[in-house]
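Here is the structure we will look at.
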Amino acid sequence: MLESQLQNLAASARERILAAPGPEQLEAVRVEVLGRKGALAEISKGMGKLAAEDRARIGKLLNTAKNDLEAALEERQKRFAGEALRARLDAEWIDVTLPAPGPRPGTLHPLTQIQQELEDLFTSMGVAVLDGPEVESEYNNFDALNIPPDHPARDMQDTFWLGDGLCLRTHTSPVQVRGMAKLGPPLRMIAPGRVFRNEEVDASHEHTFYQLEGMMVDRNVSIAHMLYFMKTLLSHIFGREVTVRLRPGYFPFVEPGFELDIQCLICGGPGCAVCKQSGWVELLPCGLVHPNVLRQGGIDPEEWGGFAFGLGLTRLVMMRYGIDDIRHLQDGDLRFLRQF
Amino acid sequence: MKFSYNWIQELVDGLEASPADLMRLITIKTAECEGVEAAGAHFAQVVAARVLEAEPVPGSHNRKAVVDAGALGRRTVVCGAPNCRPGIITAYVPPGVSLEGRETGRRVVAGVESDGMLAGGAELGINRDHEGILEFDAEPGAPLPRILPDHVIEVDNKSLTHRPDLWGHHGMAREVAAITGKRLIEPANLGRIPREPAAVQVSIEDLQLCPRYSALVFENVTVQPSPLWLQYRLEAVGLNPINNIVDVTNYVMAELAQPMHAFDADKLAGDTIFVRNAREGERITALNDETYHLSPAALVIADANGPIAIAGVIGGLDSAIGDSTARLVLESANFHAANIRRASSRLKLRTDASMRFEKSQDPVNTVRGLARAVELLELVSPGIRLVGGLADLAAPARTPAPITLPMDWLIRKLGRPIGSAEVRSILESLMFGVTETGPGVFSVSVPTWRATKDISIKDDLVEEIGRMVGYATITPTAPVVPTEPPPDNPRRRFHRAARQTASAQGYHEVYNYSFLSEEDARRFGLAPADHVTVANPISVDQALLRRTLIPGIWKNIRENGRHFDQFRLFEVGMEIHKRESGLPDEIPHLIAAIYERTKETGPLYEVKRLAECLMPGCELRPDTARMFEHPSRTANVLWRGHTVGRLFEFHPDFVEGRAVVLDVDLAQMEALAPVGKRYQPVRRFPESAFDLSVLAARRALAGDLQKQLASFAGRFLESISYLRQYEGAPLPEDAKSVSFRLTVAAPDRTLSSEEVGAIRDAIIEGMRGLGYEMRV
């Protein structure tokens with residue numbers, strides 16, 4: 001009798017478990033059948049009255065029914081949980097095409113970028129990066145660089161004068177003298193920075209622009225060394241092998257002085273509009289450091305020699321990005337700046 | 001400086017290089033050429049023609065002329081020139097020839113078909129005469145006498161700064177002769193100057209300022225236009241033909257780089273030329289019709305009455321050559337370069353003469369110039385006669401010591417091998433004197449025209465040999481250098497990191513000028529007098545050097561505000577602060593700004609975030625606003641106990657919308673930045689956290705409350721952080737509740753709940769002691 005009651009109970013409970021429409025109904029079945037005061041517990045309580053041989057048999061049946069129901073229940077619960085999770089996840093749909101909140105990264109000025117790139121390049125070649133002031137003494141800017149007062153070479157650099165023997169530096173070359181005094185020979189240094197010329201501003205002229213001075217002083221520095229250094233440097237800057245040539249150029253702080261041209265990167269030599277049909281593009285002035293300048297830096301020109309060059313960063317930036325108006329670089333216009 | 005190819009060709013025997021090749025050679029070996037242009041190509045077709053008839057064309061000022069153009073036959077042309085009359089020989093331009101960029105055609109003028117044209121000096125590029133057609137002497141059909149198509153090579157003046165000799169054609173011809181291995185022709189014949197006593201006396205006050213003064217006197221002078229070929233020469237190199245006498249002086253200058261001046265001898269007082277400093281109050285009216293007040297520093301040429309020329313710069317009007325001039329004094333002098341330069345910049349008068357003298361001309365050249373002039377004057381002023389011989393006063397000639405040039409040193413500098421024979425031959429081609437004083441050692445003497453300033457040391461000779469042997473023959477060679485890391489530049493590293501942080505936070509980098517207008521200084525409450533000022537600014541609005549980056553970023557905000565509703569900008573630049581003496585202080589600053597057009601709460605906290613990223617743990621302390629700052633949104637930025645900058649919102653009078661600015665001193669930040677890090681053991685025992693809320697006045701500073709809470713928390717306080725604040729019911733008006741989360745822990749054990757409770761109680765009690773109500 002108890003046996004059939006148990007079987008009926010198990011069968012109906014199983015049916016109800018399988019038919020439960022949701023977790024609440026399932027829980028109701030669990031409490032009713034498997035709970036502490038549930039139907040199976042009731043049966044279990046009645047076991048004491050049974051004969052010993054029945055007790056063992058019914059007990060076994062009871063356990064089997066309980067395990068079965070629990071398994072069915074668990075499986076059903078998992079299914080409900082799975083469905084609930086799926087439903088939740090589905091409800092959590094978001095539009096991934098909406099823009100991310102918060103600011104986008106800003107940009108570094110193209111002059112900063114090229115300057116940092118060159119600083120890294122030179123540093124990797126063992127070259128020190130030095131600074132010099134934007135306001136210089138007339139002496140450092142000219143006299144110490146072998147350009148005495150009333151020297152016609154002063155015409156080459158229209159100067160902003162500040163009184164008291166001061167001026168806005170017209171080139172980064174004064175850092176040569178500062179660098180020699182600071183580092184002593186042998187030395188390799190660059191000095192990027194802002195320079196000033198008293199010139200009207202138009203699409204290709206600026207009164208404020210950027211240069212990178214470079215200098216090497218050692219015991220036996222030759223034109224051949226300078227050529228190697230410049231060629232290596234320029235090949236890195238332009239990302240490909242470049243052909244360079246030297247021709248005479250006059251700068252009082254070097255002797256001999258050169259203009260360094262690179263073979264036109266656009267036409268490769270035969271001549272085009274960019275190189276004005278010459279096949280060459282004038283890139284930078286350079287030369288062997290004049291003995292008077294070495295002396296100004298406290299270096300004995302009989303023992304040491306060196307080369308120096310001045311790279312126009314502004315011009316390089318314009319070449320690299322194809323910028324056709326120099327004024328963009330310092331007019332603070334975001335429509336220009338955010339492109340970098 | 002313009003060079004005529006024909007002129008150079010005349011001075012270099014057998015020059016074959018084409019104008020384009022010559023330009024390339026000069027560029028590679030000597031000086032930078034800016035271009036070469038054909039000049040006077042039309043002279044291949046223009047011919048002399050005799051005017052046979054010239055009938056007025058009714059109803060116009062033109063004439064219908066019939067000319068005999070030799071082999072070209074008779075041509076009928078219409079000519080408007082007043083001097084078009086039968087009998088003259090003039091220039092006939094056949095149809096199809098280009099003049100001044102226009103093609104001459106067969107065209108109908110005033111109803112008459114003109115078959116080509118008759119041309120004047122300006123049209124042909126011979127001189128600047130627009131008055132009429134040329135008149136000269138030649139056979140009809142012949143080319144214009146001694147006038148040929150030419151090319152003009154333009155050389156960059158800057159690259160001639162150190163070469164006084166290259167300011168004349170002969171100097172360039174000397175280079176070309178050396179480069180091409182041709183023979184140089186000497187145009188001056190010193191034998192033309194008679195050895196007789198001079199007809200004029202010269203007195204030089206200071207032989208340093210005037211190392212040489214040479215002069216000749218001529219009589220029986222005819223003043224008239226120069227022959228066309230001479231005018232054409234001058235015109236081709238950019239000099240204005242004036243009259244035969246003046247043209248000769250300019251011709252010699254353009255050829256030998258020796259400036260000269262001709263005085264009308266009959267207009268001079270006394271028989272002595274004085275070279276002296278100007279006297280106080282002296283003035284002179286110069287050839288350009290300007291009157292100059294002379295300072296005693298200026299050197300003048302004077303007669304007994306006063307100045308007749310500003311030495312080396314310009315001649316005086318009163319003694320100028322005119323149509324009536326019959327006798328002349330021809331000056332060929334040498335002046336101190338720097339002094340001429342000073343005079344010319346003081347007078348703001350740069351002339352062809354001053355440009356040459358300031359390059360340090362060769363005193364030897366004065367007599368050479370006169371010799372050449374004698375010959376040319378005889379050509380252009382028939383019947384002219386020298387009176388007496390050379391007047392010549394000079395400082396003792398300085399012969400610079402020869403330069404010792406060791407071959408091994410030279411080879412080390414060049415970085416390529418070169419033989420002694422080649423070195424000798426190069427130097428000799430440039431007219432250096434070369435003797436071998438020992439094995440592999442040359443003693444090199446410098447020609448006078450290179451010795452004034454250009455060449456004095458052996459390094460100068462490296463250039464001479466290098467350029468002639470060809471820099472292209474030097475193989476790039478890696479220098480042998482120590483492999484060691486370069487000295488560090490912590491400042492640049494720091495600035496780079498700051499830039500990186502700002503741009504990562506969304507700020508775009510701008511570069512602003514270092515200049516500021518007085519108006520902008522005042523606008524930002526700064527006295528113009530407190531700035532370093534530019535003595536010669538480009539314009540008045542760029543007369544000061546910035547001592548703050550604020551005006552620059554303000555301008556950026558306003559200008560970009562026209563295009564964008566919101567944006568972030570920053571700049572790293574130098575503030576320039578005036579000092580009593582010496583160089584000004586240059587202080588690197590970072591300035592960053594956020595602009596938002598909407599007037600909601602504003603981006604102050606966003607900007608503050610940048611401050612915190614740059615300076616972890618920095619604090620803001622409210623401060624009195626300057627006139628351009630929002631009175632209740634202005635603070636100093638404190639870091640590690642120091643004020644390092646300012647954070648403020650722009651006053652609405654300055655910016656429409658909201659703009660918040662962070663302005664910090666990078667040098668101070670760098671000095672305060674922590675160096676090095678040390679590992680702290682990771683805590684093994686759990687920490688405890690609890691929240692506290694303080695009821696405070698609405699304008700109480702959360703930062704102050706936080707510090708006060710922390711001050712009562714004792715040694716176990718790990719951290720304290722702001723959670724939120726609340727205003728409104730049920731709180732009293734003018735009050736707010738500010739909540740903080742405190743975390744406490746001990747390094748060596750877990751704090752018991754009693755201990756944590758005790759800490760909490762102590763804080764509450766402490767705060768109540770300060771008069772705060774605690775909401776617990």
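These values consider heavy atoms only, across backbone and side chains, with no hydrogens, waters or symmetry-generated copies. Quick note on labels: first sequence line is chain A, next is B, and so on, each numbered from 1.
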Is chain A contacted by the side chain of B:R492, its backbone, both, or neither, given a heavy-atom distance below 4.5 Å?
side chain

Please report the shortest heavy-atom distance between B:P487 and A:L183, naming the atom on each side.
CG-CD2, 3.9 Å

Does a side chain donor of either B:H508 or A:T107 reach within less than 3.5 Å of an acceptor in the other side chain?
yes

Between B:A478 and chain A, with a heavy-atom cut-off of 4.5 Å, which part of the residue counts as in contact: side chain, backbone, both or neither?
both

Select one option (side chain, backbone, both, neither) describing which atoms of A:L111 are under 4.5 Å from chain B's heavy atoms.
both

Which atoms of B:P485 come close to chain A, meaning under 4.5 Å heavy atom to heavy atom: side chain ones, backbone ones, both, or neither?
neither

Which value, rounded to the nearest 0.5 Å, describes the distance between B:S503 atom OG and A:H109 atom NE2?
13.5 Å

A:D331 and B:N556 have their tightest heavy-atom pair at O-ND2, 4.2 Å

Part of A:P285 within contact of chain B (heavy atom distance under 4.5 Å)
neither

If you define the side chain from C-beta out and look only at heavy atoms, does anything of B:Q542 sit under 4.5 Å from A:F160?
no

Hey, could you give me the OG/CD1 distance between A:S222 and B:I474, rounded to the nearest 0.5 Å?
7.5 Å

Residue part contacting chain B, namely of A:E199, when any heavy atom lies under 4.5 Å:
backbone

Which residues share a ring pair (Phe, Tyr, Trp, His ring centres under 6.0 Å) with A:F209, sequence neighbours left out:
none

Sorted by chain and residue number, the ring pair (Phe, Tyr, Trp, His ring centres under 6.0 Å) partners of A:H207 (sequence neighbours excluded) come out as B:Y513, B:F515

How far does NZ of B:K578 sit from CG of A:D164, to the nearest 0.5 angstrom?
8.5 Å

The interface call for A:M216 against chain B, heavy-atom contacts under 4.5 Å, is side chain

Within-4.5 Å side-chain heavy-atom neighbours: B:I457 and A:N292:
no

Proximity breakdown for B:R493 and chain A, heavy-atom pairs closer than 4.5 Å
neither

On a heavy-atom basis, which atom in B:R491 and which in A:D131 lie closest, and how many Å separate them?
NE-OD2, 3.5 Å

4.5 Å side-chain heavy-atom contact, B:K413 and A:L288
yes

Side chain from CB out, backbone as N, CA, C, O: work out which of these in A:V244 comes under 4.5 Å of a heavy atom of chain B, or both, or neither.
neither

Pairs in or reaching into residues 182-196 of chain A: which pass side chain to side chain donor-acceptor pair (under 3.5 Å), with residues at least two apart or in two chains?
A:R194-A:Y210, A:R194-B:S514

Just verifying a value: how many Å separate B:R24 CZ and A:R247 CZ, rounded to the nearest 0.5 Å?
13.0 Å

Whether B:D459 side chain and A:E255 backbone form a donor-acceptor pair below 3.5 Å:
no

Does the side chain of A:Y250 come within less than 4.5 Å of B:E463's, by heavy atoms?
no

Considering non-hydrogen atoms only, spot the tightest contact between A:P256 and B:Y471 and give its length.
CB-OH, 4.0 Å

Side chains of B:Y511 and A:T112: is there a donor and an acceptor less than 3.5 Å apart?
yes

Is A:F196 in contact with chain B via its backbone, its side chain, both, or neither, using a 4.5 Å heavy-atom distance?
side chain

Rounded to the nearest 0.5 Å, what separates atom CG in A:N220 from atom CZ in B:R412?
5.0 Å

Does any part of the side chain of B:R568, heavy atoms only, come nearer than 4.5 Å to the side chain of A:P103, both counted from C-beta?
yes

Can you say whether B:E358 sits under 4.5 Å from chain A via the side chain, the backbone, both, or neither, judging by heavy atoms?
both

Sort by residue number and list every residue of residues 494-502 of chain B having at least one heavy atom under 4.5 Å from chain A.
B:R496, B:R499, B:Q500

Does any heavy atom of chain A fall under 4.5 Å from the side chain of B:V534, the backbone, both, or neither of them?
both

Does any heavy atom of chain A fall under 4.5 Å from the side chain of B:T27, the backbone, both, or neither of them?
both

Which atoms of B:L545 come close to chain A, meaning under 4.5 Å heavy atom to heavy atom: side chain ones, backbone ones, both, or neither?
side chain

So do A:R245 and B:I28 actually touch side chain to side chain, heavy atoms under 4.5 Å?
yes

Heavy-atom proximity to chain A below 4.5 Å, by part of B:E32:
both

Looking at side-chain heavy atoms only, is the closest gap between A:N198 and B:N536 below 4.5 Å?
yes

Tightest non-hydrogen contact, residues B:P584 and A:L166, listed as CD-CD1, 3.9 Å

Without swapping roles, check the side chain of B:N560 against the backbone of A:G332 for a donor-acceptor pair under 3.5 Å.
yes

Would you mind checking which part of A:E302 comes under 4.5 Å of any heavy atom in chain B, side chain (CB onward), backbone (N, CA, C, O), both or neither?
side chain

For the CH2 atom of A:W161 and the OG1 atom of B:T533, what is their distance to the nearest 0.5 Å?
14.5 Å

Can you find a heavy atom in the side chain of B:L569 that is under 4.5 Å from one in the side chain of A:L334?
yes

